[in-house]
Student: 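Questions regarding the structure given below will be posed in turn.
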Amino acid sequence: MRKAVIAGNWKMHMTCAEAQAFAESFKPLVAGLPSDREVVLAPPFTAIASLSSSLAGSGIRIAAQNIHWQEKGAFTGMVSAGMLLEHGVSHAIVGHSEPRKYYSETDEQINLRARSAQKHCITPILCVGESDSQREAGEAEKVIRRQVQQGVDGLDHSRLIIAYEPIWAIGTGKTCEAAEANRICGLIRDWVGYSDVVVQYGGSVNPGTIDQLMAQSDIDGVLVGGASLDPEGFARIANYQPV
Ligand code: 13P
């Protein structure tokens, strides 16, 4: 039985003070979650340490929003696995469409990031997904398959999460239809070739869409952006009830 992973990607939001206030409101709302799921929050690097101490003992896990493949060195602006482990980070997002787009991250670099995470017992959350124009051109499956195959090369599939995030659904309010998201998540599972790999959906997930998404057979969780910034809304998402 795959455990559902409900993750919040805060992107470039939340100071330390805001993250602490979020934690105080959020913790009691998810204190009684069923054991079939876990909750992960990905704050910006600067808020990891304070959020980690605010969440100590709560069972809520911390993810980094990226990770470098080197241990240390002349890599301005980057953070290594060892630096993240010091603050109790258990997961790291890699290959999100925003760094793919804004910083031209390649599948090869993304794979190196994921490998470095696993080497340090950090679970990579590998994001894949097609753009609007790629979907319209009928290339969605080809693009996602390439991202998956290059991204997971050499990884231990039992310590890996893949997030299917169609770019056209991110921050647009256009959630991918549950049946279509489920179909792509199923394909991803086949391409990885490991039936227990955890596959999430991400893209405009909100309290109104979560129950239907989590009722799908191949969707094992969600990666939530905007709706994870509100403690009540994100707690509703974490308390999903499949319909
Ligand atoms: P939204 O939920 O804001 O669409 O963002 C999704 C996302 O990019 C999560 O990584």
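Indexing begins at 1, ligand by ligand and atom by atom, following the structure's order.
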Student: Note the single closest protein heavy atom to atom 2 (O) of ligand 1, along with its residue, its atom name and the distance in Å.
Tutor: Gly225 N, 2.9 Å
Student: So, is His96 polar-close to ligand 1, with some N/O to N/O distance under 3.5 Å?
Tutor: yes
Student: In terms of atom number and element, which parts of ligand 1 are under 4.0 angstrom from non-hydrogen atoms of Lys11?
Tutor: 5 (O), 6 (C), 7 (C), 8 (O)
Student: Quick one: does Gly171 get an N or O within less than 3.5 Å of an N or O on ligand 1?
Tutor: yes
Student: Looking only at protein heavy atoms, identify the closest one to atom 9 (C) of ligand 1 and say how far it is in Å.
Tutor: Glu165 OE2, 2.9 Å
Student: Could you please spell out the steps behind the side chain to side chain contact (heavy atoms under 4.5 Å, CB included) verdict for Glu165 and His96?
Tutor: CA-CA 8 Å; Glu165 296 208 305; His96 192 281; 3.1 Å; yes
Student: Is the closest side-chain donor-acceptor distance between Tyr164 and Gln147 under 3.5 Å?
Tutor: no
Student: Is it true that a side-chain atom of Ser204 and a backbone atom of Thr175 form a donor plus acceptor pair closer than 3.5 Å?
Tutor: no
Student: Check ligand 1 against Leu223 and write out every atom of the ligand that is under 4.0 Å from a heavy-atom position of the residue.
Tutor: 9 (C), 10 (O)
Student: In this structure, does ligand 1 have an atom that sits under 4.0 Å from one of the heavy atoms of Gly202?
Tutor: no
Student: May I ask you to decide whether Arg135 forms a salt bridge with Glu130, counting only side-chain N to carboxylate O separations under 4.0 Å?
Tutor: yes
Student: Return yes if a side-chain donor-acceptor contact under 3.5 Å exists between Trp10 and Gln65, otherwise no.
Tutor: no
Student: Take every heavy atom of Ala169, measure it against each atom of ligand 1, and state whether any distance is under 4.0 Å.
Tutor: yes
Student: Salt bridge check, Asp156 against Arg115: does any charged N sit closer than 4.0 Å to a carboxylate O?
Tutor: no
Student: Charged N to carboxylate O under 4.0 angstrom, Lys3 versus Asp36?
Tutor: no
Student: One thing to verify: whether Glu71 and Lys119 come together as a salt bridge, which I'm taking to mean a side-chain N less than 4.0 angstrom from a carboxylate O.
Tutor: yes
Student: Below 4.0 Å from ligand 1: does a non-hydrogen atom of Ala227 turn up there or not?
Tutor: no
Student: Please list, in number order, the atoms of ligand 1 under 4.0 Å from a heavy atom of Gly226.
Tutor: 1 (P), 2 (O), 3 (O)
Student: Which bit of Ile170 is near ligand 1, meaning a heavy atom under 4.0 Å away: side chain, backbone, both or neither?
Tutor: both
Student: Please list, in number order, the atoms of ligand 1 under 4.0 Å from a heavy atom of Ser204.
Tutor: 1 (P), 2 (O), 4 (O)
